[in-house]
Visitor: 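Mind looking over this structure? Questions follow.
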Amino acid sequence: MIVRISDDSLALALGADALASGFEAAGATVERVSSWGMHWLEPLVEVDGIGYGPATVDDVSAILDGTSALNIGPIADHPFIKPQQRLTFARAGKTRPLSLEDYEATGGWSGLRRAQAMSGEAVIAEVTQSGLRGRGGAGFPAGIKWNTVAKAPGGRKYVVCNADEGDSGTFADRMLMEGDPFQLIEGLAICAHAVGAQTAYIYTRSEYPHAIAKLRAAIDLAAAIIAPLHMEVREGAGAYVCGEETSLLNSIEGKRGVVRAKPPLPALEGLFGCPTVVNNVLTIAAIPHILSEGGAAEYAALGVDRSLGTKPIQLAGNIKHGGLYETAFGISLHDLVYTIGGGTASGRPVKAVQVGGPLGAYIPPAQFDLPFDYEAYARADALIGHGGVVVVDDSADMGRLARFAMEFCAVESCGKCTPCRIGSTRGVELLDRIRVGAKVLDPVGALPQMHNAPKVARTADQDIALLEELCETMKFGSLCALGGFTPYPVLSALRHWPEDFQ
Ligand SMILES: Cc1cc2nc3c(=O)[nH]c(=O)nc-3n(C[C@H](O)[C@H](O)[C@H](O)COP(=O)(O)O)c2cc1C
Ligand code: SF4
């Protein structure tokens with residue numbers, strides 16, 4: 001009997017190795033596969049297509065004799081899996097991550113073979129036609145970026161895969177790297193062929209040891225297939241700002257992870273001063289499907305308006321059914337949080353969701369009809385970012401979460417520009433004052449700097465107005481989105497839950 005158990009790090013953290021040993025001891029053959037992405041059911045066991053989870057060693061014999069109460073029926077028909085449109089995660093749960101045989105058997109390398117028979121220009125035209133936009137946060141069209149690099153003068157060009165995945169509540173990059181590393185490698189090889197790059201780097205954080213090990217092993221296994229492209233994994237120390245593309249390039253070059261001013265764009269002067277494509281893991285991993293026969297048109301037919309294709313959404317935080325949900329753009333938060341996610345894990349009412357990581361706005365249930373679409377989110381002063389959806393219940397103190405956003409910015413700031421470096425620290429102080437109701441004496445009059453100038457107590461309303469003004473300064477005066485977007489969670493919390501700031 002063949003038993004399939006994931007070796008994804010989430011499954012490992014929940015005891016998948018011990019469970020696998022238990023099945024082996026009972027005489028079963030265990031295959032270690034990628035995760036289906038139903039996190040609340042991990043470690044999930046699959047026997048002849050039927051799922052059992054979350055399982056422990058104590059459940060082994062009941063699962064093997066088919067009497068276990070953990071039976072969830074056929075996994076492919078599960079209500080969390082069946083409605084998904086999995087293109088990037090088509091192999092999730094189905095293949096052994098480091099098996100070249102499984103990869104080939106499921107269409108692997110066909111996009112690369114097709115791309116290699118085409119000119120770089122033709123490949124870029126298909127990427128542009130697919131409507132693919134960067135999945136790392138900014139949603140910039142991938143085809144335009146690739147075209148800029150391809151047309152840039154210079155013999156040495158690079159492709160850099162941004163696998164830093166620093167956003168709270170996100171794990172899709174990690175799942176892809178651990179579960180389907182050849183797909184990322186294939187996407188990078190297609191990109192390198194299209195833009196004329198000789199070297200590709202995958203930059204990820206040292207907190208992802210399983211992903212790093214899988215990628216390195218997969219690169220070794222695929223070396224002959226992607227030759228003469230040279231590919232390497234580079235590890236960062238986990239600073240949030242090292243996910244920002246220019247700071248990431250500095251980090252790969254061995255420098256401190258400080259943001260570079262733009263221009264020049266990395267597409268023209270990136271790694272070691274050479275034209276460089278920087279794309280997120282999910283952007284690159286979408287490429288093999290897009291380059292398969294008819295793939296670009298199929299991709300472009302999904303989604304809404306200018307948000308085309310599918311988006312791997314990560315349901316996290318206080319949610320009953322957390323995990324990876326890939327679907328076409330346009331799905332509402334209501335469907336994601338209630339229908340798919342099952343509401344909160346605590347059973348209490350949902351108070352808010354934060355979409356798009358630590359810089360994303362807090363969205364109240366009254367706005368849960370918002371469709372997953374870059375432009376619709378921008379109009380609502382919100383962010384899609386990397387597609388992390390973090391749920392909090394009604395016990396959350398939104399004033400405290402707003403303070404956390406400012407503090408996060410203060411801690412993670414690279415320090416290059418004043419609105420972020422100083423503004424975030426002043427923002428934390430201001431929020432503390434507002435929240436404890438402390439009065440500050442402001443000097444008034446013509447010469448307020450004089451120590452004996454008359455003073456008046458600042459009211460809470462004045463402190464809030466000052467916080468709003470500070471947020472405006474950070475929004476428009478910061479060099480990168482860390483300082484520039486921190487006002488989103490702060491101001492959205494203030495706007496929708498003013499009572500939490502009293
Ligand atoms: C503070 C900060 C952190 C970021 N972190 C990430 C990250 O972890 N992963 C990522 O792909 N993009 C991140 N980005 C966005 C990158 O700067 C860049 O836009 C992205 O890698 C481009 O790839 P894409 O077009 O495929 O999205 C971050 C940006 C900022 C300002
Ligand atoms: S906004 Fe913050 S992280 Fe970005 S460049 Fe300025 S100081 Fe650095």
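We count ligands from 1, going down the list as the structure has it; atoms in each ligand are counted the same way. This structure is a prediction, so every number in the text was calculated from the model and none was measured.
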Visitor: Find all atoms of ligand 2 within a distance of less than 4.0 Å from any non-hydrogen atom belonging to V241, and give their numbers and elements.
Guide: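 In order of numbering, the contacting atoms are 3 (S).
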Visitor: Between ligand 1 and D173, is the shortest N or O to N or O distance under 3.5 Å?
Guide: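 Not met; the criterion fails.
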Visitor: So, D393 and K351, do they make that salt bridge, N to O below 4.0 Å?
Guide: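 Salt bridge flag = no for K351 with D393.
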Visitor: To check your reading of the model: name the closest protein heavy atom to atom 27 (O) of ligand 1, its residue, and the distance in Å.
Guide: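 Here the nearest protein heavy atom works out to G136 N, 2.7 Å.
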Visitor: For the pair E178 and R174, find out whether any cationic side-chain nitrogen is under 4.0 Å from an anionic carboxylate oxygen.
Guide: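 Yes.
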Visitor: Relative to the heavy atoms of D164, which atoms of ligand 1 are at a distance of less than 4.0 Å?
Guide: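 Listed by number with element: 8 (O).
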Visitor: Suppose we measure from atom 18 (C) of ligand 1 to each protein heavy atom; which comes out shortest, and what is that distance?
Guide: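 Closest protein heavy atom to atom 18 (C) of ligand 1: E245 OE1, 3.8 Å.
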Visitor: So if I count the atoms of ligand 2 from 1 in the order they appear, which ones are less than 4.0 Å from some heavy atom of G415?
Guide: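 Under 4.0 Å from G415, ligand 2 has these atoms: 7 (S), 8 (Fe).
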Visitor: Can an N or O of N162 be found at a distance shorter than 3.5 Å from an N or O of ligand 1?
Guide: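 For ligand 1, there is an N or O atom that lies under 3.5 Å from one belonging to N162.
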Visitor: Would you say C414 has an N, O or S atom lying under 2.8 Å from atom 8 (Fe) of ligand 2?
Guide: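 Of the N, O and S atoms in C414, at least one lies under 2.8 Å from atom 8 (Fe) of ligand 2, which means yes.
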Visitor: Nearest to atom 13 (C) of ligand 1, what protein heavy atom do you find, and at what distance?
Guide: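 Of the protein heavy atoms, G243 O, 3.1 Å lies nearest.
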Visitor: Measuring from atom 2 (C) of ligand 1, which candidate in E412, R133, E244 has the nearest non-hydrogen atom?
Guide: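 Minimum heavy-atom distance to atom 2 (C) of ligand 1 goes to E244.
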Visitor: Check whether any N, O or S atom of C480 sits under 2.8 Å from atom 4 (Fe) of ligand 2.
Guide: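 True for C480.
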Visitor: To which protein heavy atom is atom 6 (Fe) of ligand 2 closest, and what is the distance rounded to 0.1 Å?
Guide: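 Looking only at protein heavy atoms, the one closest to atom 6 (Fe) of ligand 2 is C417 SG, 2.2 Å.
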Visitor: Quick one: which ligand 1 atoms are inside 4.0 Å of a heavy atom on K145?
Guide: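 Reading through ligand 1 atom by atom, the close ones are 22 (C), 23 (O), 25 (O).
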Visitor: Any salt bridge between E253 and R260, counting N to O under 4.0 Å?
Guide: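 Yes, this pair counts.
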Visitor: Are side-chain heavy atoms of K416 and C420 found at a separation under 4.5 Å?
Guide: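 In short, these two side chains do not touch, never coming nearer than 4.5 Å.
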Visitor: Going by the atom numbers of ligand 2, which of them fall below 4.0 Å from some non-hydrogen atom of G483?
Guide: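 Those atoms are 1 (S).
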Visitor: Do T106 and F182 come within less than 4.5 Å of each other through their side chains, counting heavy atoms only?
Guide: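 A side-chain contact is absent here, since even the closest heavy-atom pair is not under 4.5 Å.
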Visitor: Do you see an N/O/S atom of C420, backbone or side chain, under 2.8 Å from atom 6 (Fe) of ligand 2?
Guide: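 Coordinating: no.
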Visitor: Flag the pair E375 and R133 as a salt bridge only when some basic side-chain nitrogen lies within less than 4.0 angstrom of an acidic carboxylate oxygen.
Guide: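 Yes, E375 and R133 are salt-bridged.
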Visitor: Verify whether the ring centers belonging to F80 and W40 lie closer than 6.0 Å.
Guide: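 F80 vs W40: aromatic centres under 6.0 Å.
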Visitor: Any nitrogen or oxygen of Y240 lying under 3.5 Å from a nitrogen or oxygen in ligand 1? Just yes or no.
Guide: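 So ligand 1 has no N or O lying under 3.5 Å from an N or O of Y240.
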Visitor: If you look at every heavy atom in W36 and R86, which pair is closest and at what distance?
Guide: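 Scanning both residues completely, I find the closest heavy atoms to be O-NH2, 2.8 Å.
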Visitor: Evaluate whether atom NZ of K475 has more than 12 neighbouring non-hydrogen atoms of other residues, nucleotides or ligands under 6.0 angstrom away.
Guide: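 Count over threshold, so yes.
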Visitor: Please identify which atoms of ligand 2 are closer than 4.0 Å to at least one heavy atom of S478.
Guide: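 Once the distances to S478 are compared, the set is 1 (S).
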Visitor: Looking at L98, is its backbone amide N or carbonyl O close enough to the side chain of K214 to form a donor-acceptor pair, meaning the two atoms are under 3.5 Å apart?
Guide: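 Absent.
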Visitor: May I ask you to list the atoms of ligand 2 that are less than 4.0 angstrom from any heavy atom of S413?
Guide: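 Answer for ligand 2: 2 (Fe), 7 (S).
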Visitor: To check your reading of the model: name the closest protein heavy atom to atom 11 (O) of ligand 1, its residue, and the distance in Å.
Guide: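 Here the closest protein heavy atom is N280 ND2, 2.8 Å.
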Visitor: Before accepting this row, confirm whether a basic side-chain N of the pair E235/R216 lies closer than 4.0 Å to the acidic partner's carboxylate O.
Guide: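 Yes.
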Visitor: So Y488 and Y362, ring pair (Phe, Tyr, Trp, His ring centres under 6.0 Å) or not? Walk me through it.
Guide: CA-CA 8 Å; Y488 282 88; Y362 282 102; over 10 Å; no
Visitor: Check whether any N or O atom of G166, backbone or side chain, sits under 3.5 Å from an N or O atom of ligand 1, and answer yes or no.
Guide: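 Yes, there is a polar N/O contact under 3.5 Å.
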Visitor: Considering only heavy atoms of L482, which atoms of ligand 2 have at least one such atom less than 4.0 Å away?
Guide: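 So the answer, numbered in order with elements, is 3 (S).
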Visitor: Output yes when D397 and R435 qualify as a salt bridge under the 4.0 Å nitrogen-oxygen rule, no when they do not.
Guide: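 Yes, D397 and R435 are salt-bridged.
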Visitor: Does an N or O from E165, backbone or side chain, lie closer than 3.5 Å to an N or O of ligand 1?
Guide: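 For ligand 1, there is an N or O atom that lies under 3.5 Å from one belonging to E165.
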